[in-house]
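Naming: A, B, ... by sequence-line order, numbering from 1 per chain.
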There are 2 protein chains.
Amino acid sequence: MAHSHDHHHHEARPDLTRNQDLVLRTLNGADAPLSAYDILDRLRDDGLRAPLQVYRALERLIEAGLAHRLESLNAFVCCADAGCHEKASGTAAFAICSKCGRVDEFTDPEVGERLAGWAGVQGFALERTTIELRGVCQGCRTAA
Amino acid sequence: MAHSHDHHHHEARPDLTRNQDLVLRTLNGADAPLSAYDILDRLRDDGLRAPLQVYRALERLIEAGLAHRLESLNAFVCCADAGCHEKASGTAAFAICSKCGRVDEFTDPEVGERLAGWAGVQGFALERTTIELRGVCQGCRTAA
DNA sequence: TTGCGTCATGTAATAACGTAACACAGATCG
DNA sequence: CGATCTGTGTTACGTTATTACATGACGCAA
Ligand SMILES: [Zn+2]
Ligand SMILES: [Zn+2]
Ligand SMILES: [Zn+2]
Ligand SMILES: [Zn+2]
């Protein structure tokens, strides 16, 4: 079932397998980052039993640019900025609220260029960049 | 033995306790990031037995600006850029070589300002920023 | 058809990373 | 003196991630 007419989904996703699709839906349905074990718990009823099943799916989703890992949280979110992988200035950054857990993904071309520039000068072959901001979101601040 | 005359070390450190000093020396003596358990293993002969002893020391060292945690590695390094905590443009970034493990700490004021600027516009109360570059350092590339 | 690579999957066991809870010792201050 | 604060030591536990091995589905070529 690689090519077919069952794309009830607005985008031609890069052919997800069942487990990958389950994990991606779970991430999409969450309003905060989920750990691999959170995801596993939510997918027990769908037959997933072991962490590795989740980690393997996450690996592919991240490769495909459909999800991100938040290193400072050991958790995962689905990509919320389609342009974050457009090379040239496509370095995703994440603002993570310590109060409510919400995550805001954004890109700043200037930041990406500065870091790439540093790498160029140093002869550092840049493969991946992690930018994570921790703090309190506006909603949580005004709700104080 | 908190105050004494045994500061054979060039800087007036913020009065480290024995465990903090042991951990900091270990980090200083390493040529790559160390996990908390790496540190623990190296300090068994000095009497440390449990992970918590290391984590507590690391917590203080990081607060004091003497060490950093690398989130993408779950490991720790000692601070290599005294200016990285000078507020105004003092956001530390780390370039981590996937081949040899070496870490290069640097700061780019422009990057710090752009991220702080985004936070300001969004009403996000920024507390902490993580910037980590993964790739291959020049030494490892030319040694290919 | 059979055999062979490749990829996803399933499962168990274990490694690696991190924290809660409790008890104790020394310093400081009324 | 007791009250409190900070650092310490220890046990036990919780969370996150990987290794190793076995199986099943598919495409393809002999
Ligand atoms: Zn993204
Ligand atoms: Zn919030
Ligand atoms: Zn530093
Ligand atoms: Zn290197």
| Below 4.0 angstrom from OP1 or OP2 of dT16(D), is there any side-chain N or O of Ser35(A)? | yes
| request: Would you classify Arg56(A) as touching base, sugar-phosphate or nothing, given that sugar-phosphate means primed atoms plus P, OP1 and OP2, and contacts are heavy atoms under 4.0 Å? | output: base
| Length of the line joining Asp38(B):CG and dC17(C):C1', which is rounded to integer Å | 11 Å
| request: Taking all non-hydrogen atoms of both residues into account, name the closest pair between Arg49(A) and Leu40(A) and its distance. | output: C-CD1, 3.9 Å
| Leu70(A) CG to Glu105(A) CD distance, which is reported to the nearest 0.5 Å | 9.0 Å
| query | Of Ala57(B) and Asn74(B), whose closest DNA chain D nucleotide lies nearer the 5' terminus? | reply | Ala57(B)
| query | If you measure from OG on Ser72(A) to CG on Leu133(A), what distance do you get to the nearest 0.5 Å? | reply | 9.5 Å
| task | With the side chain of Phe76(B) defined as its heavy atoms from C-beta on, choose the nearest nucleotide among dA21(C), dG18(C), dT18(D). | result | dG18(C)
| message | Can you measure Asp46(A) atom CG to dT9(C) atom C1' for me and round it to whole angstrom units? | response | 15 Å
| field | Presence of donor-acceptor pair under 3.5 Å, side chain of Tyr37(A) and base of dA17(D) | value | yes
| query | What's the CG-P distance between Leu16(B) and dT8(D), to the nearest Å? | reply | 10 Å
| query | Using a cut-off of 4.0 Å on non-hydrogen atoms, how would the nucleic acid contact of Leu52(A) be classed: base, sugar-phosphate, or nothing? | reply | base
| said: So does Gly135(B) get a backbone contact from the side chain of Ser98(B), meaning a donor-acceptor N/O pair under 3.5 Å? | reply: yes
| query | For the pair made of CZ in Arg44(A) and C1' in dG10(C), what is the distance, rounded to whole Å? | reply | 14 Å
| field | Minimum-distance nucleotide to Asn19(B) side chain [options: dT8(D), dT19(C), dT9(C)] | value | dT8(D)
| Value in whole Å for how far the P atom of dT18(D) lies from CG of Leu73(B) | 12 Å
| task | Taking only the side-chain nitrogens and oxygens of Thr17(A), find out if one of them lies under 4.0 Å from OP1 or OP2 of dC7(C). | result | no
| said: Is there a side-chain contact between Gln53(B) and the phosphate of dG9(D), meaning an N or O under 4.0 Å from OP1 or OP2? | reply: yes
| message | Which is more 5' along DNA chain C, the nucleotide nearest Ala50(A) or the one nearest Tyr55(B)? Just name the residue. | response | Ala50(A)
| task | Report yes if at least one side-chain N or O of Arg69(A) is closer than 4.0 Å to OP1 or OP2 of dA17(D); otherwise report no. | result | yes
| query | Do Phe76(A) and His68(A) have their ring centres less than 6.0 Å from each other? | reply | no
| said: Without decimals, in angstroms, what is the distance between Leu70(A) CG and dA17(D) P? | reply: 11 Å
| message | Between P on dT16(D) and CG on Leu40(A), what's the gap in Å once rounded to a whole number? | response | 11 Å
| request: Starting at atom CD of Glu59(B), determine the distance to atom P of dC17(C), rounded to an integer number of angstrom. | output: 18 Å
